[in-house]
**Q** 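Submitted below is the structure of interest, expressed as structure tokens.
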Amino acid sequence: MTSKQESAVNKNKLDHDFAQKYKADFPILNQQINGKDLVYFDNAATTQKPEAVLEAVNNYNRTINANPHRGAHTLSVRATEAYENARAKVSNFINAEKAEEIIFTRNTTESLNLLANSLEAVVEEGDEILISVLEHHSNILPWQQLAERKNLNLKFLYPDQSYRIPLSELKEKLTDKTKILSISQMSNVSGVINPVKEMAELAHQKDALVVVDGAQGAPHIKTDVRDLNADFYAFSGHKMLAPMGIGVLYGKKDLLEELPPFLKGGGMIEYVKEQGSTYAPLPEKFEAGTPNVEGAVGLQAAIEYLEEIGLDKIKEHELELTAYALEKMKQLDYVEIAGPLNLENRGGIISFNIKDVHSHDLATIVDSEGIAIRSGHHCAQPLMNYYQINSTGRISFYLYNTKAEVDRFLEALEKVREVFGYGS
Ligand code: C6P
């Protein structure tokens, strides 16, 4: 064996060992779907939970469950501690300056809606909001609505043919009227990672507020909100091994203090009189109603699990899988990839089409082989319109996926062709 062949074998072994080691922690992955070992390639939609997360949530419910911040009894005090420990963990995970800069929400969607509602207080008619055509609907609709309510101009950034938004595009679109730039850290369709730090710097030169949709970023990219200098950063627990129903809105303390709350009710007040009320300090001001403590506990356990492995290592593994899959898919003349073909500023998401096959048919046939992929418009219709594609199939990787699974997927693509009578 030549040394090149040897190092290729070692790399394959590393990939196999890495994923196999962690896959064993995820009970759901150890099952057959349609008579075949499950391959889970829908991680951009939601991820699976390791034993450590299942156990933490179970343990919380078995031994602590109570309403936090509302009781003097021991369980309530313990629930408060569990909830606030989780907040501290999240704060540390994204390197926020203070734990009260972390607002727990249900998900990225709620975080962005909260923000778009509260920011109503700082915009005026004629101001501009800048987003990109690549955004998920959750980072479009709240701004559309704000623009309608306050007579603002909603402007769009457009990518080039490589699916990337050039900084020159941002420079051109920013004006003295731009009040908000809201941009995703990583596209859920093309897998492109935006240069959010550079974008934030340019937007701040115009005194605009910078909102980063980290739904696809936080789970895969080591994120430091202070280094990014994002004013606000939103993400979802369920895309990073935690339960559904727990999300985060980070905001710089002075900005959050200035903004009015979105939801009102129990848990967020200082004094309530018959006419008029005052609000609790951060973070409670933005957390009306009984919170999702078990979700927060699960998120803490998920972060601990990810940190133990290291996000950098996970990203490296995902990129290795992406390079492998892209290389093979590029060789198939019936596959059209909707995203960059190289690894530059890219994560482990590949959207694609099989010529003359609708993505839902594709996903159904692949599912019959035990492989879960997503299909459709991925809640990014403006992107689909811009590139004039109807829908795509999408595979998205996480730490537990392997090259052997990519091979199974490639074989399944052949089957799709056969079912439609195109042959190989
Ligand atoms: N994208 C996907 O399959 P929620 O649903 O609130 O947890 O996340 C919304 C969201 C916001 N921004 C981006 C970039 C996203 O990818 C998502 C969720 C999933 O692509 C579900 S549509």
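Both ligands and their constituent atoms are indexed starting at 1 by order of listing.
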**Q** Is the closest side-chain heavy-atom distance between Ser368 and Lys415 below 4.5 Å?
**A**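 They are in contact (side-chain heavy atoms under 4.5 Å apart), so the answer is yes.
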
**Q** So, does Lys239 sit close enough to ligand 1 that a heavy atom of it is under 4.0 Å from the ligand?
**A**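 Checking ligand 1 against Lys239, which is what was asked, there is a heavy-atom contact under 4.0 Å.
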
**Q** Identify, by atom number and element, the atoms of ligand 1 in contact range of Ser236, meaning under 4.0 Å from any of its heavy atoms.
**A**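 Per the distance check, 4 (P), 6 (O), 7 (O), 8 (O).
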
**Q** I need the nearest protein heavy-atom contact for atom 5 (O) of ligand 1: residue, atom name and distance, please.
**A**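 I find the closest protein heavy atom is Thr109 OG1, 3.8 Å.
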
**Q** Is the closest heavy atom of Asn139 to ligand 1 under 4.0 Å?
**A**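 No heavy atom of Asn139 comes that close to ligand 1.
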
**Q** Do side-chain atoms of Lys315 reach the backbone of Gly310 as a donor and acceptor pair under 3.5 angstrom?
**A**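 Side chain of Lys315 to backbone of Gly310, a donor-acceptor pair under 3.5 Å: no, none is there.
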
**Q** Which protein heavy atom lies closest to atom 12 (N) of ligand 1, and at what distance to 0.1 Å?
**A**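 Here the closest protein heavy atom is Asp213 OD2, 2.6 Å.
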
**Q** Spell out, as yes or no, whether a donor-acceptor pair under 3.5 Å connects the side chain of Ser118 to the backbone of Leu114.
**A**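 A pair under 3.5 Å: yes.
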
**Q** Short question: side chain of Glu135, backbone of Ser184 - any donor-acceptor pair under 3.5 Å?
**A**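 Checking the backbone N and O of Ser184 against the side chain of Glu135, a donor-acceptor pair under 3.5 Å is found.
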
**Q** Between Lys179 and Glu128, does any NZ, NE, NH1 or NH2 come within less than 4.0 Å of an OD or OE carboxylate oxygen?
**A**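 A salt bridge is absent here (no side-chain N lies under 4.0 Å from a carboxylate O).
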
**Q** Tell me: protein heavy atom nearest atom 15 (C) of ligand 1, and distance?
**A**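 Its nearest protein heavy-atom neighbour is His136 CD2, 3.3 Å.
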
**Q** Can you name the atoms of ligand 1, numbered from 1 with element, that are less than 4.0 Å from a heavy atom of Gln216?
**A**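 Contacts of ligand 1 toward Gln216, numbered from 1: 1 (N), 14 (C), 15 (C), 16 (O), 20 (O).
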
**Q** Short list, please: which atoms of ligand 1 are under 4.0 Å from a heavy atom of Ser138?
**A**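 So the answer, numbered in order with elements, is 9 (C).
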
**Q** Could you list which atoms of ligand 1 come closer than 4.0 Å to a heavy atom of Asn188?
**A**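 Listed by number with element, the hits are 1 (N), 2 (C), 16 (O), 20 (O).
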
**Q** May I ask you to check whether Asn67 and Thr290 show a side-chain donor-acceptor distance below 3.5 Å?
**A**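 The criterion, which ignores hydrogens and geometry beyond distance, is satisfied for Thr290 and Asn67.
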
**Q** Count the heavy atoms belonging to other residues, nucleotides or ligands that lie under 6.0 Å from CZ of Arg106, then report whether that count exceeds 12.
**A**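 Counting neighbours around CZ of Arg106, 12 or fewer heavy atoms of other residues, nucleotides or ligands fall under 6.0 Å, so no.
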
